[in-house]
Amino acid sequence: MLVYVKISHVLFLFPGSSINHMEPGNNTQISEFLLMSFSEGSKLQPFLFGLFLSMYLITLLGNLLIILAVISDSHLHTPMYFFLANLSFVDICFTSTTVPKMLVNIQMQSRVITYEGCITQMYFFVLLGALDNFLLTAMAYDRFVAICHPLHYTVIMNPRLCELLVLVSWIISILNSLLESLMVLRLSFCTDVEIPHFFCELNQVIQHACSDTFINDTVMYFAAVLLGGGPLTGILFSYCKVFSSIRVISSVQGKCKAFSTCASHLSVVSLFFCSILGVYFSSAATHNAYSVAVASVMYTVVTPMLNPFIYSLRNKDIKGTLRKLLVREAMKQPFSQG
């Protein structure tokens, strides 16, 4: 693949860093990156554009319907649906961080993203990815309290605690993403910079820097263990307790009812984390950038698109509210036409 990078000959010097010891010819700051395409042939471009546009619109519509249902129905003003509405909002933003730019590049047959655009995209991607982790963890904790401590559920999961959990999730995610992005700004990049992804993924951007990336790698892996492994451990612990509580229920009907309350969330968690782990294990095992980029579509595009279907198809409350909204809108149409 041909690589085209515009170079602005600006010294990128930082006192006390190893960049100061680089040759002036190598000490340049790029103005553009080149993103990898799914297909170099023009024949598949219309198909790819239509496919990703359809998936993006489905994601927007599905998650907006979930938010609308939770807001409009007072019966859904509970902790579980409060977290679900927040998750739907984050999924909309998460997908909107990468897909629109990819659609523009496919339509314009361009692979270029500006340096500022790449840093901005990377900032929001890291921010919203961490938020997804925290919200899924909060939802797992909600299911743990509901099944393991049902008598104290309303006391423990009060509105103040739910709002605090979401607020803390936003604060931690913003600070982490800000730190990661600011540390990328200190890096210097060589002339041949091609990101083997359809978006600016943090690890790929750092790998293509010419300057020393030891601090960046350390912070990135530490944050991945803390902000990725921590929530995953909390989710696994919560469901271990949930399954232990379900096992002691005597009736089969009671077991099915208890399991059905967390089946949708467990499906979303499995889809999200398995796709992410699959991407990074495959990237470690193979150097095929095309395969890694295709696998990344699973957690960046497919998972946010499937979440509304998983929750609505397995949830009677959501389906009932959406049905009422559709009937209400259908009844308004004759009056508006008249």
Side-chain angles (χ1 to χ4, degrees), residues 1-12 18-19 22-45 47-49 51-52 97-126 129 180-217 220-221 224 276 278-301:
M1 181 181 294
L2 294 177
V3 180
Y4 173 72
V5 183
K6 291 173 60 180
I7 305 296
S8 60
H9 297 280
V10 180
L11 293 181
F12 202 64
S18 59
I19 306 177
M22 298 175 62
E23 293 296 326
N26 293 330
N27 202 15
T28 58
Q29 177 59 26
I30 66 171
S31 61
E32 292 176 348
F33 290 97
L34 190 66
L35 296 176
M36 195 201 81
S37 171
F38 286 106
S39 174
E40 296 180 5
S42 59
K43 293 182 179 180
L44 284 178
Q45 297 300 322
F47 170 75
L48 291 174
F49 181 83
L51 175 64
F52 286 111
T97 302
T98 57
V99 177
K101 177 58 179 175
M102 178 176 60
L103 292 174
V104 171
N105 282 0
I106 292 176
Q107 183 66 18
M108 302 297 293
Q109 297 187 3
S110 170
R111 305 292 172 260
V112 173
I113 184 172
T114 64
Y115 178 81
E116 295 80 7
C118 184
I119 298 298
T120 302
Q121 188 182 67
M122 184 177 58
Y123 169 79
F124 283 106
F125 185 83
V126 173
E180 302 266 23
S181 301
L182 289 176
M183 292 190 65
V184 172
L185 293 177
R186 61 179 286 275
L187 298 178
S188 179
F189 295 90
C190 301
T191 57
D192 296 333
V193 179
E194 176 186 342
I195 307 298
H197 252 300
F198 58 92
F199 66 96
C200 287
E201 199 264 339
L202 176 64
N203 184 42
Q204 293 292 337
V205 173
I206 293 176
Q207 285 183 6
H208 286 77
C210 291
S211 52
D212 184 21
T213 62
F214 175 77
I215 299 178
N216 295 76
D217 290 331
M220 180 179 62
Y221 290 124
I276 291 180
V279 167
Y280 287 101
F281 279 131
S282 64
S283 64
T286 179
H287 297 287
N288 191 336
Y290 180 85
S291 300
V292 174
V294 172
S296 299
V297 174
M298 283 299 299
Y299 74 92
T300 57
V301 183

**Student:** With rounding to the nearest 0.5 Å, note down the distance linking CZ in Arg186 to OG1 in Thr213.
**Tutor:**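 The CZ atom of Arg186 sits 8.5 Å away from the OG1 atom of Thr213.
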**Student:** For Gln121 and Thr97, indicate whether the former's side chain and the latter's backbone hold a donor-acceptor pair under 3.5 Å.
**Tutor:**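 Yes, Gln121 side chain to Thr97 backbone: donor-acceptor pair under 3.5 Å.
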**Student:** If you look at every heavy atom in Ser296 and His197, which pair is closest and at what distance?
**Tutor:**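 Nearest pair, atom of Ser296 first, then His197: OG-CE1, 2.7 Å.
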**Student:** From the options Phe124, Phe125, Tyr299, Tyr123, select the one residue that forms a ring-ring contact (aromatic ring centres under 6.0 Å, His included) with Phe199.
**Tutor:**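 Result for ring-ring contact (aromatic ring centres under 6.0 Å, His included) with Phe199: Phe125.
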**Student:** To check you understand the geometry: which heavy-atom pair defines the closest contact between Gln45 and Arg111, and what is its length?
**Tutor:**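 Minimum heavy-atom separation between Gln45 and Arg111: NE2-NH2, 3.8 Å.
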**Student:** Quick one: closest heavy-atom pair of Ile106 and Phe52, and the distance?
**Tutor:**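 Minimum heavy-atom separation between Ile106 and Phe52: CD1-CD1, 4.4 Å.
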**Student:** Is it the case that more than 12 heavy atoms not belonging to Ile215 sit under 6.0 Å from its CD1 atom?
**Tutor:**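 No, the 6.0 Å shell around CD1 holds no more than 12 heavy atoms from other groups.
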**Student:** For the atom pair CD (Gln204) and CG (Leu35), what is the distance rounded to the nearest 0.5 Å?
**Tutor:**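 Here the rounded value is 11.0 Å.
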**Student:** Compare every heavy atom of Asn216 with every heavy atom of Leu187, then report the nearest pair and how far apart it is.
**Tutor:**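 Smallest heavy-atom distance, with atoms named: CD2-OD1, 3.5 Å.
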**Student:** Taking Glu32 for its side chain and Val112 for its backbone only, find out whether a donor-acceptor pair lies under 3.5 Å.
**Tutor:**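 Not a single qualifying donor-acceptor pair exists.
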**Student:** Minimum heavy-atom separation for Cys210 to Phe189, with atom names?
**Tutor:**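 Closest pair (atom of Cys210, atom of Phe189, distance): SG-C, 3.6 Å.
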**Student:** Quick one: does Ser188's side chain have a donor or acceptor within less than 3.5 Å of a partner on Ser211's backbone?
**Tutor:**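 The answer is no, because no donor-acceptor pair under 3.5 Å joins these two groups.
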